[in-house]
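Here is the structure we will look at.
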Protein chains: 2
Amino acid sequence: MEEKVNLVKEALSERYRRGDVLSDQCPAREVLKHISSRWGGLVLIALHEGDTFRFSELRRIIQGVSEKMLAQTLQVLEQDGLVLRTSFPVVPPHVEYSLTKLGSEAAVHVVGLANWIEENLSGILAGNKDSIEEAP
Amino acid sequence: MEEKVNLVKEALSERYRRGDVLSDQCPAREVLKHISSRWGGLVLIALHEGDTFRFSELRRIIQGVSEKMLAQTLQVLEQDGLVLRTSFPVVPPHVEYSLTKLGSEAAVHVVGLANWIEENLSGILAGNKDSIEEAP
DNA sequence: CTCCATACTTACCTTTTGGTATGTACTTAC
DNA sequence: GTAAGTACATACCAAAAGGTAAGTATGGAG
């Protein structure tokens, strides 16, 4: 079994020179955490639907997100260079959010996953016994 | 602005008949949560590398995961019908994990995202100022 | 007879995450 | 003059996630 683990590591050797989400040291795992955080992926999906959005628009589209969490998530994604924040110095405040080039590329994969889930939802739910039967 | 939100909702109308991760009611969001949970995606990625894996192999490959979390994550993914668990009634116990057809399809998207992150890691890190400069 | 290995489970505790409520600054609408 | 809208920040608390350590069952190795 030790050999098999090594074989897999060997197959992943190319990955070690860039990033490796399977390694707990690698910053790639941090980035994956940001994108796959509770609201991170949904923000990318929402932004992928249009060009620019205001804070309050995003709040309405991403159902259930609180102001605090949306602000926090947007900041993290902005720091990763995935989201662009443009604020206009007017009152009341006007801020627009959009995806950067990097952000669009990442969003494509997240949207791909979300679409797959949405299309295969019934199949997945069928495999999930909890949703149809429950022990008394 | 209300019109814009409606326009987006209209553009997503097709999605409402299947699943919609942007809706907080829809079970699709739960499935997304499972897959994008801290260890869920990494399990899919690891399993995607080979045919079958034993519990202890997965623990070694997915660096940093605890026994408790790996067991829990595998159970959730099994309930969603993404992971297949095969146990052989021998002693010491022998259990093999692999992806189902559904699981393979989901894994493709997760692997795609992970690969993108790994390939673009330096670019992302460059946009992330926290990793190079720190306020004193 | 004791130790080791496998694949877990369980109890206990800490850390992280997330929600609610409130405050801010300013202007327009009523 | 009071409320509403905008884009947040902040404090406080509850819930969830996660780690550690120990226990379980069983048989073989020493």
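Every heavy atom of this structure was used, including side-chain atoms; hydrogens, water molecules and symmetry mates were not. A note on names: the letters A, B, ... follow the listed sequences, proteins ahead of strands, and every chain is numbered from 1.
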Next item on the list: Please tell me which of A:R85 and B:E67 maps to the more 5' nucleotide of DNA chain D, matching each residue to the nucleotide holding its nearest heavy atom.
Entry: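 Its nearest nucleotide lies further toward 5', so the answer is A:R85.
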
Check: What heavy-atom pair brings B:I45 and B:A114 nearest, and what distance separates the two atoms?
Finding: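 Result for this residue pair: CD1-CB, 3.6 Å.
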
Interatomic distance, [X] [atom1] vs [N] [atom2] [rounded to whole Å]:
{"X": "A:H94", "N": "C:dT27", "atom1": "NE2", "atom2": "C1'", "result": "16 Å"}
{"X": "A:R59", "N": "C:dG19", "atom1": "CZ", "atom2": "C1'", "result": "11 Å"}
{"X": "A:L70", "N": "D:dC8", "atom1": "CG", "atom2": "P", "result": "9 Å"}
{"X": "B:M69", "N": "D:dA17", "atom1": "CE", "atom2": "P", "result": "9 Å"}
{"X": "B:Y97", "N": "C:dT6", "atom1": "OH", "atom2": "P", "result": "14 Å"}
{"X": "A:K68", "N": "D:dT10", "atom1": "NZ", "atom2": "P", "result": "12 Å"}
{"X": "A:H34", "N": "C:dT17", "atom1": "NE2", "atom2": "C1'", "result": "13 Å"}
{"X": "B:E78", "N": "C:dA7", "atom1": "CD", "atom2": "C1'", "result": "14 Å"}

Item checked: Sugar-phosphate, base or nothing in reach of A:Q75, heavy atoms under 4.0 Å -> sugar-phosphate

Note to self: I need the A:E49 CD to A:L44 CG distance, nearest 0.5 Å.
What the structure shows: 12.0 Å

Where the side chain of [X] is defined as all heavy atoms beyond and including C-beta, which of [options] is the nearest nucleotide?
{"X": "B:V95", "options": "D:dG5, C:dC8, D:dA7", "answer": "C:dC8"}
{"X": "A:P93", "options": "D:dA7, C:dG18, C:dT27", "answer": "D:dA7"}
{"X": "A:W39", "options": "C:dC26, C:dG19, D:dT6", "answer": "C:dG19"}

Margin query: On DNA chain C, does the nearest nucleotide to A:K33 precede the nearest nucleotide to A:V91 from the 5' side, or the other way round? Give the residue.
Written below: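 With A:K33 and A:V91 compared, the 5'-side residue is A:K33.
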
Check: Which residue, A:R38 or B:P92, contacts DNA chain C at a nucleotide closer to its 5' end, judged by nearest heavy atom?
Finding: B:P92

Margin query: Is B:R54 close enough to C:dA7 that one of its side-chain N or O atoms is under 4.0 Å from OP1 or OP2 there?
Written below: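 It does, given that an N or O in the side chain of B:R54 lies less than 4.0 Å from OP1 or OP2 of C:dA7.
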
Next item on the list: Taking only the side-chain nitrogens and oxygens of B:S56, find out if one of them lies under 4.0 Å from OP1 or OP2 of C:dA5.
Entry: no

Margin query: Please determine whether residues B:I62 and B:Y97 belong to a single hydrophobic cluster, defined as Ile, Leu, Val, Met, Phe, Trp and Tyr linked transitively by side-chain heavy-atom distances below 4.5 Å.
Written below: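 Yes, one cluster joins them.
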
Next item on the list: Indicate yes or no: does B:E67 engage B:R59 in a salt bridge with an N to O separation below 4.0 Å.
Entry: yes

Next item on the list: Any strand is fair game: report the nucleotide pairing with C:dA21 by Watson-Crick or G-U wobble, both distances under 3.5 Å, or none.
Entry: D:dT10

Check: What is the ring orientation for B:W116 with A:H109, classed by angle as parallel under 30°, tilted 30 to 60°, or perpendicular over 60°?
Finding: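 B:W116 and A:H109: tilted rings.
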
